Asks: 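I'd like to ask some things about the structure below.
None of these values were measured; they are calculated from a predicted model. One-based numbering, in listed order, for ligands and for the atoms of each.
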Amino acid sequence: MNILITGGAGFIGSHILQRFSKEDCQITVLDNLHSGNKANIPEGVNFIEMDICDERIIDVFEKNKFEAVVHLAAQTMVNASIDDPIYDSDNNIRGTINILEACSKTGVRRIVFSSTAAVYGDVSAVPVLEDFTTDPLSFYGLSKLTVEKYLKLYQKLYGLEYVILRYANVYGERQGDGGEGGVISIFMKLLAQNKALTIHGDGKQSRDFVYAGEIANANWLALNTENINEIYNISTQTETSINELVETLETIAGKKFAITYGAPRQGDILRSVLSNDKAREKIGYKVETSLAEGLRRTYQYFVK
Ligand code: NAD
């Protein structure tokens, strides 16, 4: 398969490149290196430094005749989207439409889109199912939800197949601390540098932390599934409180954090767990890496 990975130089992209290297496929990465790193792209992978909003994208598609696109490139920061919704929508909506236009004009068969739990907003029931109401609390969540709707319409109008993957909080090696799931990489850095940690609220708020290797695997499954034009949550379906996360980290590192508890952060969701039943049933997704194992690998990376 001839695949374009947009945003492939980033954190999740680096795990996807590792995973796809085991498969028989030809890969091109297109990335503007805004938050990505060229060192994440192995030798032999075709790299194009370009913004997804660039009007020359169509030339890239015409020349390379991609069969499938894994679309990761995005403005990924919730706070940045609130500070600058125009920048967020330029990257996440306009940039994606540019990609979708190129897909439909050059006969790309399928696009796999990286969406997010942020599309749901603050839902009180857990675990969250794909057909729950979507009511994003940030422009980032809104721009991702808007793209999901564009995908549905491109499918209807032009037959472009799509698979939408809504990720829970992703963590792993090579993660920056600015993006969505940054809490683990922030904690890792503090722990590795023996610095104090402030927990907002009582630490009982929970998240669904999923290792980036699972995300990479889910993207491969999404490229190959027959159950297309669907939305799938990609998660562990396991609730971990911030206090439990800290305890596991301390066990792995063999040392204690100096912890202070601060005021809860405004708008912080109390519980967040995504059901992955549908992904397990329809695309063969399964969780292979335990939180302790994923954290151990991530900690080793940050210590280095
Ligand atoms: P990342 O910032 O590490 O990767 C994003 C990549 O896209 C970077 O390499 C960046 O340089 C590139 N990029 C950004 N804007 C671009 C543009 N306009 N043109 C070309 N390239 C551009 O972030 P990540 O965590 O690897 O996220 C990958 C995708 O997964 C994003 O779409 C993000 O919204 C989504 N996602 C991430 C998480 C998470 O917890 N990390 C959760 C849900 C969804």
Asks: Quick check: does L30 get an N/O under 3.5 Å from an N/O on ligand 1?
Replies: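 Not met; the criterion fails.
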
Asks: Using a 4.0 Å heavy-atom threshold (strictly under), name the region of N32 that reaches ligand 1: side chain, backbone, both or neither.
Replies: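 Near ligand 1, N32 shows its backbone as well as its side chain.
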
Asks: Which pairs count as side-chain hydrogen bond (donor to acceptor under 3.5 Å, both in side chains) when at least one residue sits in residues 6-17, sequence neighbours excluded?
Replies: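 Every pair satisfying side-chain hydrogen bond (donor to acceptor under 3.5 Å, both in side chains) with a residue in residues 6-17: T6-H71, S14-R174, H15-R174.
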
Asks: Is it the side chain (CB and beyond), the backbone, both or neither of A118 that lies under 4.0 Å from ligand 1, heavy atoms counted?
Replies: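 None of A118 does.
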
Asks: Distance to the ring centre below 6.0 angstrom and angle to the axis at most 45 degrees; does that hold for R166 and Y120?
Replies: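 So R166 does make the cation-pi contact.
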
Asks: Non-hydrogen atoms of S14 versus ligand 1: any pair closer than 4.0 Å?
Replies: no

Asks: Enumerate the atoms of ligand 1 whose separation from the nearest heavy atom of N91 is less than 4.0 angstrom.
Replies: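 Those qualifying, in numeric order: 15 (N), 17 (C), 18 (N).
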
Asks: Please could you name the atoms of ligand 1 that G36 approaches to less than 4.0 Å, counting only its heavy atoms?
Replies: 8 (C), 9 (O), 10 (C), 11 (O)

Asks: Under the side chain to side chain contact (heavy atoms under 4.5 Å, CB included) criterion, do Q300 and K304 qualify, and how do the steps go?
Replies: CA-CA 6 Å; Q300 278 173 354; K304 262 197 241 149; 5.6 Å; no

Asks: I'd like to know if E148 and K152 make a salt bridge, using a cut-off of under 4.0 Å between side-chain N and carboxylate O.
Replies: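 The answer is no: the pair does not qualify as a salt bridge.
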
Asks: Quick check for you: to the nearest 0.5 Å, what is the distance between N98 atom CG and I57 atom CD1?
Replies: 5.5 Å

Asks: Report yes if some N/O of I12 lies less than 3.5 Å from some N/O of ligand 1; otherwise report no.
Replies: yes

Asks: Pick whichever of I184, T76, T6 has a heavy atom sitting closest to atom 27 (O) of ligand 1.
Replies: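 Considering heavy atoms of I184, T76, T6, the nearest to atom 27 (O) of ligand 1 sits in T76.
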
Asks: How does A117 reach ligand 1, by side chain, by backbone, by both or by neither, if only non-hydrogen atoms under 4.0 Å count?
Replies: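 No part of A117 comes within reach of ligand 1.
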
Asks: My understanding is that only residues two or more places apart in sequence, or in another chain, count here; which of them pass salt bridge (Lys or Arg N to Asp or Glu O under 4.0 Å) with K189?
Replies: D177

Asks: Geometry only, no angles: is H71 polar-contacting ligand 1 at N/O separations under 3.5 Å?
Replies: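 Between H71 and ligand 1, no N or O pair is found under 3.5 Å apart.
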
Asks: When you look for heavy atoms under 4.0 Å from ligand 1, do you find them on the side chain of L33, its backbone, both, or neither?
Replies: backbone

Asks: Apply side chain to side chain contact (heavy atoms under 4.5 Å, CB included) to the pair F61 and I99, showing each step before the final yes or no.
Replies: CA-CA 9 Å; F61 274 70; I99 296 286; 4.2 Å; yes

Asks: Taking both backbone and side-chain atoms of H34, is any N or O found less than 3.5 Å from an N or O belonging to ligand 1?
Replies: yes

Asks: Looking at ligand 1, is there an atom of it that comes within less than 4.0 Å of some heavy atom belonging to K144?
Replies: yes

Asks: Would F20 and I27 count as a side chain to side chain contact (heavy atoms under 4.5 Å, CB included) here? Give the steps.
Replies: CA-CA 8 Å; F20 286 17; I27 293 175; 3.5 Å; yes

Asks: Counting distance only, does the side-chain N/O of N227 pair as donor-acceptor with the main-chain N or O of K282 below 3.5 Å?
Replies: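 Between the backbone of K282 and the side chain of N227 there is a qualifying donor-acceptor contact (under 3.5 Å).
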
Asks: Test your reading of the structure: does D31 have an N or O sitting under 3.5 Å from an N or O of ligand 1?
Replies: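 Such a contact does occur with ligand 1.
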
Asks: Walk me through it: do I184 and Y211 pass the test side chain to side chain contact (heavy atoms under 4.5 Å, CB included)?
Replies: CA-CA 11 Å; I184 289 187; Y211 180 61; over 6 Å; no

Asks: Are A9 and ligand 1 in contact, using a heavy-atom cut-off of under 4.0 Å?
Replies: yes

Asks: So is there a nitrogen or oxygen of G13 less than 3.5 Å from a nitrogen or oxygen in ligand 1?
Replies: no

Asks: For the 3.5 Å polar cut-off, considering only N or O atoms, please tell me whether S115 and ligand 1 meet it.
Replies: no

Asks: Would R174 count as a contact residue for ligand 1, given that I'm defining contact as a non-hydrogen atom of the residue lying under 4.0 Å from a ligand atom?
Replies: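 It does not; every heavy atom stays at 4.0 Å or beyond.
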
Asks: Below 3.5 angstrom, do we get any N/O pair linking I52 and ligand 1?
Replies: yes

Asks: Report yes if some N/O of S35 lies less than 3.5 Å from some N/O of ligand 1; otherwise report no.
Replies: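 Yes - when backbone and side-chain N and O of S35 are compared with those of ligand 1, one distance drops under 3.5 Å.
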
Asks: Answer yes when E250 and K256 have at least one side-chain N-carboxylate O distance shorter than 4.0 Å, and no when they do not.
Replies: yes

Asks: Say whether Y140 and ligand 1 are in contact under the criterion: heavy-atom distance to a ligand atom below 4.0 Å.
Replies: yes

Asks: Mind checking whether D51 has an N or O less than 3.5 Å away from an N or O of ligand 1?
Replies: yes

Asks: Measure across C103 and L160 and return the closest heavy-atom pair with its distance rounded to 0.1 Å.
Replies: CB-CD2, 3.9 Å

